[in-house]
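Convention: sequence-line order gives letters A, B, ...; per-chain numbering from 1.
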There are 2 protein chains.
Amino acid sequence: MIIQLDMQSDVPIYNQLMNQIIEGIASGSLKPGDPLPSVRSMASDIGINLHTVNKAYTLLKQEGFIQIHRQKGVVIQPDTMPGITPEYQDKRNAYLKPIIAEAICRGLSEEQLLQIVRDMHNEITQTGEENV
Amino acid sequence: MIIQLDMQSDVPIYNQLMNQIIEGIASGSLKPGDPLPSVRSMASDIGINLHTVNKAYTLLKQEGFIQIHRQKGVVIQPDTMPGITPEYQDKRNAYLKPIIAEAICRGLSEEQLLQIVRDMHNEITQTGEENV
DNA sequence: GTAACTGTTATATATGTAGTATAACAGTTG
DNA sequence: CAACTGTTATACTACATATATAACAGTTAC
């Protein structure tokens, strides 16, 4: 699990970290039950503070993507991954709508937009295949 | 042009305002050359500060969605709308990737995801038709 | 038992962004 | 001249981000 952070980005570090772990799960490079580094080692590995990692882990735990045990440490959700909740749908649509609206303004056709989503979907699901 | 703001949202007000104007353009309820309220009247209409509106307008101007004239006031871009720039593509993909990754984790199939995009695309482009 | 690790909590600080408030300037319009 | 326009400057509050240091409670290995 290689974490790449952009310190110049307007996206908060804890958010980038969350996204990369979620992308790791989506790609299959992180499988249910797989361990994640401790907050301290992850923090020193990527050169950030302990609390920033802890914030990302805590939020991922709240959303159900990981489990945190005193004994086993932090592991990718081994049981059932979080499903399609109404809160998730609302949040997803809220984030998706402005992106689609801007794409329309800039002249992207519906089919072009769908192709971008297809490409990105394949890019994610095929990335992890090599690492199996 | 009815602006609906969510003061409890984690999305900044100036950002919500930008998004709604962009959605207005995408839906066709705001057409090239259409005037927008002055920063002061828009601010008092929706009950926020002058500078928050000004920030949204200034950013929309920088991206090319509106024009600001001393004489005519603020109008929707009457000439060519901003196109598909490399910066836009990078930003769009950066925002799109985490959404798709989370959808995959939560068990959405590629086709389900595409259908959501189709639905939202139609929802936006058909909303404005009534207001023509 | 002690040492080294785990997540967790508390506190403090620095920095940047968001939002408001007030004021003024320069240009346009009626 | 009066009333509007966008624009700029300044000041302030509030909050989020990120770091730093420290401690606590539990687990694991020697």
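Side chain of B/Pro12, nearest nucleotide from C/dG19, C/dT6, D/dA18: C/dG19. Of the candidates C/dT8, C/dT20, D/dA18, the closest approach to any side-chain atom of A/Tyr14 belongs to D/dA18.
Rounded to an integer number of Å, the gap from A/Asp10 CG to C/dT17 P is 10 Å. If you take CG of A/Asn49 and P of C/dT13, they are 16 Å apart, rounded to a whole angstrom. The distance from atom CG of B/Leu17 to atom P of C/dT20 is 11 Å, rounded to the nearest whole Å. Atom P of nucleotide D/dT17 and atom CG of A/Leu5 are separated by 15 Å, given to the nearest angstrom. As a whole-Å value, the separation of B/Asp6 CG from C/dG19 P is 12 Å. Between the CG atom of B/Leu50 and the P atom of C/dA24 there is a distance of 15 Å, given to the nearest Å. Remark: C1' of D/dA14 and CD1 of B/Ile13 are 13 Å apart, rounded to the nearest angstrom.
With hydrogens and angles ignored, the 3.5 Å screen pairs no side-chain donor or acceptor of B/Gln67 with any backbone N or O of B/Gln77. No donor-acceptor pair closer than 3.5 Å links the side chain of A/Gln89 to the backbone N or O of A/Ile84. With hydrogens and angles ignored, the 3.5 Å screen pairs no side-chain donor or acceptor of A/Thr52 with any backbone N or O of A/Ile48. The main-chain N or O of B/Phe65 is never found under 3.5 Å from a side-chain atom of B/Glu63 such that the two would form a donor-acceptor pair. In this structure, A/Ser9 contributes its side chain and A/Asp6 its backbone to no donor-acceptor pair below 3.5 Å. A/Thr125 places a side-chain N or O within donor-acceptor distance of the main-chain N or O of A/His121, the cut-off being under 3.5 Å. A/Asn122 places no side-chain N or O within donor-acceptor distance of the main-chain N or O of A/Asp119, the cut-off being under 3.5 Å.
In this structure, B/Glu111 does not pair ionically with A/Arg118, as no charged nitrogen and carboxylate oxygen lie closer than 4.0 Å.
Note that the two end axes of the helix from C/dG1-D/dC30 to C/dG30-D/dC1 enclose an angle of 20°, each drawn from 5 base pairs, rounded to 10 degrees.
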Practice task
Evaluate side-chain contact (heavy atoms from CB on, under 4.5 Å) for B/Arg92 paired with A/Glu102, printing each intermediate quantity in order.
Solution key: CA-CA 9 Å; B/Arg92 181 199 61 205; A/Glu102 178 165 358; over 6 Å; no

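No chain of hydrophobic side-chain contacts below 4.5 Å, direct or via other Ile, Leu, Val, Met, Phe, Trp or Tyr residues, connects A/Ile2 to A/Ile21. In terms of hydrophobic clustering, with Ile, Leu, Val, Met, Phe, Trp and Tyr side chains grouped at heavy-atom distances under 4.5 Å, B/Val53 and B/Val11 are assigned to different clusters.
One donor-acceptor pair, N or O on each side, does fall under 3.5 Å between the base of D/dT8 and the side chain of B/His51.
Annotation: proximity of residues 52-67 of chain A to DNA chain D (heavy atom, distance under 4.0 Å) is found for A/Thr52, A/Lys55, numbered in ascending order.
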Problem - Footprint string (nucleotides 25-30 of chain C, 5' to 3'): B base within contact, S backbone only, - free, heavy atoms under 4.0 Å - result: -B-SS-

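Within 6.0 Å of OH in B/Tyr95 there are 12 or fewer heavy atoms belonging to other residues, nucleotides or ligands.
Toward the 5' end of DNA chain D, the nearer of the two residues A/Met7 and B/Val39, judged by each one's closest nucleotide, is B/Val39. Residue-to-nucleotide proximity on DNA chain D shows that, of A/Val11 and B/Ile68, the 5′-proximal contact is made by B/Ile68.
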